[in-house]
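In what follows, chains carry the letters A, B, and so on, assigned in the order in which the sequence lines appear, proteins first and then strands, with residues in each chain numbered from 1. What you see below is based on every heavy atom in this structure, not just the backbone, and it leaves out hydrogens, waters and symmetry mates.
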Amino acid sequence: MNTNIYDFAAIEKKWQDKWKNEETFKVSSKSQAKKYYLLEMFPYPSGRIHMGHVRNYSIGDVVARFKRMQGYNVLHPMGWDAFGLPAENAAIKHSTHPAKWTYENIDYMKKQLQGMGLSYDWSREIATCRPEYYKWEQLFFIKLYEKGLVYPKVTTVNWCETCQTVLANEQVIDGCCWRCDESVLPREMNGWFFKITDYTEELLAECDNLKGWPEKVLTMQRNWIGKSTGAEIDFIVDGFDKKLTIFTTRPDTIYGATFMSIAPDHKYIHELCQGTGREKEITAFAEKTRIEKQRQNPEDELAKEGVFTGRYAVNPFTGDKLPIYAANFVLAEYGTGAVMAVPAHDQRDFEFARQYDLPVKVVIQPAGETLDGKTMTTAYEEAGTLVNSGEFSTLPSDTAKIKITEQAREQGFGKQQTTYRLRDWGISRQRYWGAPIPMIYCQKCGVQPVPEKDLPVTLPPDVTIEKSGKSPLHDLASFHATTCPRCGGPGRRETDTMDTFVESSWYYARYACPGYTEGPLDKQEVDYWLPVDQYIGGVEHAILHLLYARFFTKVLRDIGYLSVNEPFANLLTQGMVIKDGTKMSKSKGNVVDPDVLIKRYGADTVRLFSLFAAPPERDLEWSDQGVEGAYRFLNRVYRFVHDNMETLTRSANVLPETLNSPSRELHRKTHQTISKVGSDIDGKFHFNTAISAVMELTNTLYTLTGENVPEKPRTEIIKEAVEAIIQLLSPMVPHFCEEIWQRLGHATDLSHSPWPSFDPEAIKEDFITLVVQINGKVRSKLQVAADCDEDTVKEKTLADDKVQKFIDGKTIRKMIIVNNKLVNIVVS
RNA sequence: GCGAGAGUGGCGGAAUUGGCAGACGCACUAGACUUAGGAUCUAGCGCACUUCGUGUGUGGGGGUUCAAGUCCCCCCUCUCGCACCA
């Protein structure tokens with residue numbers, strides 16, 4: 001290795017080989033040190049890592065290395081979220097097998113990650129597509145089924161005829177399949193559901209305890225859960241034997257109901273209009289609405305539209321007959337699928353009423369204003385005082401809510417009710433490349449779980465993915481033909497596979513015991529390592545993955561596999577990497593390839609820049625010139641060490657008793673930097689300011705040792721500064737620092753040597769520059785001894801020439817002295 | 001529409017509890033070294049005015065204060081999330 005230049009390629013290879021051969025970052029729970037579990041979201045093995053990965057894993061690695069130097073027993077694992085549709089698409093495109101494609105990608109990406117010098121314990125690597133992994137997922141499925149937390153349901157799904165598969169909502173773009181661009185059709189299908197709704201309240205309540213999560217993510221989760229409290233009230237329908245139940249958050253407005261709206265696909269819609277002569281019209285309207293909702297651009301709201309059903313509901317409080325409309329804005333899936341319409345106090349009902357010329361009856365009056373149903377132009381939705389509401393008139397709306405609900409309950413036609421937006425999690429996928437759902441259908445016994453001893457239900461490898469995209473499992477008798485575990489008769493396996501979000505809902509726990517064969521989780525290990533102390537990933541998973549993982553943790557806790565309530569104690573959501581102001585994408589041609597950068601500058605430079613360019617939670621604008629700057633900085637440090645190698649290695653580590661002035665200055669700056677970098681990294685993740693602090697120290701070092709300075713710092717102090725720079729940078733640019741550390745004569749690796757500590761005494765400044773303001777404007781600056789007393793400051797200030805000039809002939813009204821900072825003289 | 005976050009030089013971004021706005025880096029300008037410079041070093045670099053200097057300046061407007069990027073009120077813009085949720 002030529003040490004005259006910064007030969008990053010040779011340096012990085014040397015240390016990566018060493019880390020790999022010596023398993024430097026392998027950890028075990030048998031340690032005296034306190035544990036720290038740092039996890040980054042594992043990648044989908046799509047082929048190559050992208051800049052988003054580089055950023056995510058660089059951030060994580062800094063924290064892992066920092067915590068390790070602080071003496072923690074750091075678990076820092078990596079693995080592969082390896083099931084998913086892209087593998088099937090690639091298999092079709094390249095006439096290969098999803099498994100082959102996936103494993104090849106994993107091999108390549110693993111090399112890329114190792115090439116970044118990330119400090120993973122690779123002995124814990126997981127690939128979710130391996131039977132050793134998904135076997136346990138199938139076991140969970142069965143356990144959940146036995147507990148009633150998994151159930152089958154026939155429901156409407158997004159079906160793509162061309163691709164022969166169900167699509168998740170997020171895979172439907174403007175009503176079309178993201179893959180083939182054909183229209184997606186709703187289709188009634190049987191599917192398996194996880195009963196996440198059993199955990200709604202806990203998922204919501206625990207949000208308040210997740211102090212280490214960004215408020216933004218918690219808000220998104222709360223919104224997604226969408227709790228609202230109100231009342232359910234039954235309405236009798238004239239000439240119809242069933243009651244219609246509505247849900248409302250405003251029972252206080254019930255006297256103002258002038259009609260009723262129900263979803264066009266409400267479960268009673270057909271029965272309801274039977275015999276009214278309006279059946280055809282209603283059916284046509286339901287069909288039209290369905291199609292429009294399919295086609296609808298989510299950006300714009302559908303115009304409100306409705307059709308009278310020919311029936312009337314009776315308001316239980318007033319006895320009024322309310323016409324029932326099928327309305328396109330009422331959702332069958334939310335609440336009860338029917339609403340009482342109070343146009344005076346609900347904007348949607350108001351718009352609908354005006355459109356169809358229905359009465360608007362005011363029952364809530366705001367203070368200091370009198371609303372008139374005939375003339376009002378917008379609904380009044382706030383609180384107020386009840387009017388036209390029988391015995392409840394004059395009550396404030398808050399009280400009325402309670403009283404009206406109470407009376408409905410007493411009289412048996414209503415109750416207090418809470419509704420959630422959150423739905424159960426449909427996990428069936430008509431795909432091949434996923435974990436098979438371990439259930440068997442039997443003509444005689446119905447659906448039966450696969451016995452535990454028969455797990456895993458292995459994905460058959462010998463299949464071809466056809467162009468149609470249809471899962472080969474459906475027609476593969478060797479897979480689905482089996483016997484019923486109960487009666488021994490012929491059975492057919494479930495041919496659907498699980499949503500890939502199921503794998504990622506528990507992988508973090510499996511890292512605690514990746515090789516465990518007695519069960520999914522080794523209780524001792526997971527109890528030691530969990531929860532994850534710091535989780536890091538993109539904000540795009542704010543709801544789906546993070547909610548599912550929280551749910552799974554609670555389920556696994558209740559089955560007895562885990563002891564924690566929440567999987568991730570602290571969460572950091574990093575921003576996107578963008579270029580030219582927009583997200584990197586092939587179509588925009590602004591993609592930066594990490595391989596190219598690493599080849600050109602080395603992994604350390606790429607890491608350094610991605611940490612320096614922006615704080616983690618913000619978007620990072622990629623700049624080729626910025627990368628150049630990071631490279632330049634490392635060279636600057638390298639050069640200093642190289643040019644001073646002899647002095648540095650010869651110099652003692654013991655600091656001398658007395659120091660000259662430049663020594664004191666450098667010593668102070670060194671300790672200030674140690675202090676700042678530590679506090680910037682620890683918990684704050686301000687890597688950008690940490691790096692700039694080290695740059696400042698480097699600049700100071702150059703300045704104080706420059707050719708023309710009259711007196712240089714002592715070599716011991718220079719050595720102290722250089723070693724601090726190397727130690728402080730080491731979590732960010734590990735190869736570079738290890739190499740220099742070694743050349744400086746250290747026998748122990750930096751990875752496992754302690755984080756430097758600072759001397760609080762050394763940090764203190766001898767002299768302070770005191771800013772002197774007159775009427776709030778900076779007019780002069782004074783050098784004073786630190787902690788100088790007020791009288792001395794006053795005296796010195798008034799004696800200053802510039803100050804004299806500005807206060808001459810004026811009256812001093814006030815003098816404000818802020819210790820060690822500034823003086824403000826108020827004159828008139 | 002609702003919710004969250006943000007708005008600071010040419011650019012990325014700094015600025016404890018209110019206390020020198022623009023740290024650090026990029027770009028740019030001038031100079032040095034050099035056969036050469038896309039290496040390195042030195043100096044400059046918010047804007048305006050004629051220089052020392054003075055004025056002005058953190059999306060806009062108002063306020064509190066000796067002092068506001070920071071606190072309070074109103075408005076504007078952008079990003080993200082949710083979106084007819086009854």
Strictly below 4.0 Å: does Arg222(A) bring a side-chain N or O up to OP1 or OP2 of C82(B)? no
Each base of RNA chain B marked ( ) or [ ] if paired in-strand (Watson-Crick or G-U under 3.5 Å), | if paired to another strand and . if unpaired gives (((((((..(((......[....))).(((((.......))))).((((...))))..(((((..]....))))))))))))....
Hey, does Gly226(A) reach any base, or is it just sugar-phosphate, or nothing, if we go heavy atoms under 4.0 Å? nothing
Per-nucleotide protein contact string for nucleotides 2-16 of chain B (B base, S sugar-phosphate only, - none; heavy atom under 4.0 Å): -SS-------BSS--
If you draw the axis of the six-membered ring of Phe352(A), does the NZ or CZ of Lys304(A) fall within 45° of it and under 6.0 Å from the ring centre? no
Listed nucleotide nearest any side-chain atom of Met220(A), set C41(B), G19(B), G81(B): G81(B)
Can we say Lys676(A) and Asp680(A) salt-bridge, meaning some charged N sits less than 4.0 Å from an Asp/Glu carboxylate O? yes
With a non-hydrogen cut-off below 4.0 angstrom, is Val818(A) in contact with a base, only sugar-phosphate, or nothing? base
Between Thr811(A) and Val827(A), is there a side-chain heavy-atom distance shorter than 4.5 Å? no
At under 4.0 Å, does any side-chain N or O of Thr419(A) touch on OP1 or OP2 of A86(B)? no
Can you list the steps and then say if Gln347(A) with Thr378(A) is a side-chain hydrogen bond (donor to acceptor under 3.5 Å, both in side chains)? CA-CA 7 Å; Gln347(A) 187 58 27; Thr378(A) 170; 2.9 Å; yes
Relative to each other, are the rings of Tyr356(A) and Tyr325(A) parallel, tilted or perpendicular (30° and 60° limits)? tilted
Taking N or O atoms only and anything under 3.5 Å, show me the protein contacts with nucleotides 51-58 of chain B, one pair per line.
residue	atom	partner	partner atom	Å
G55(B)	OP1	Arg779(A)	NH2	3.2
G55(B)	OP2	Arg779(A)	NH1	3.3
U56(B)	OP2	Lys777(A)	NZ	3.3

When we call it a touch if two heavy atoms are under 4.0 Å apart, what does Val330(A) touch: a base, just sugar-phosphate, or nothing? base
Would you please classify the geometry between the His545(A) ring and the His541(A) ring as parallel, tilted or perpendicular, with 30° and 60° separating the classes? perpendicular
Can a donor-acceptor pair be found, under 3.5 Å and without considering hydrogens, that links the side chain of Arg607(A) to the backbone of Ser58(A)? no
Within the structure, does a side-chain N or O atom of Arg421(A) lie under 4.0 Å from either OP1 or OP2 of A86(B)? no
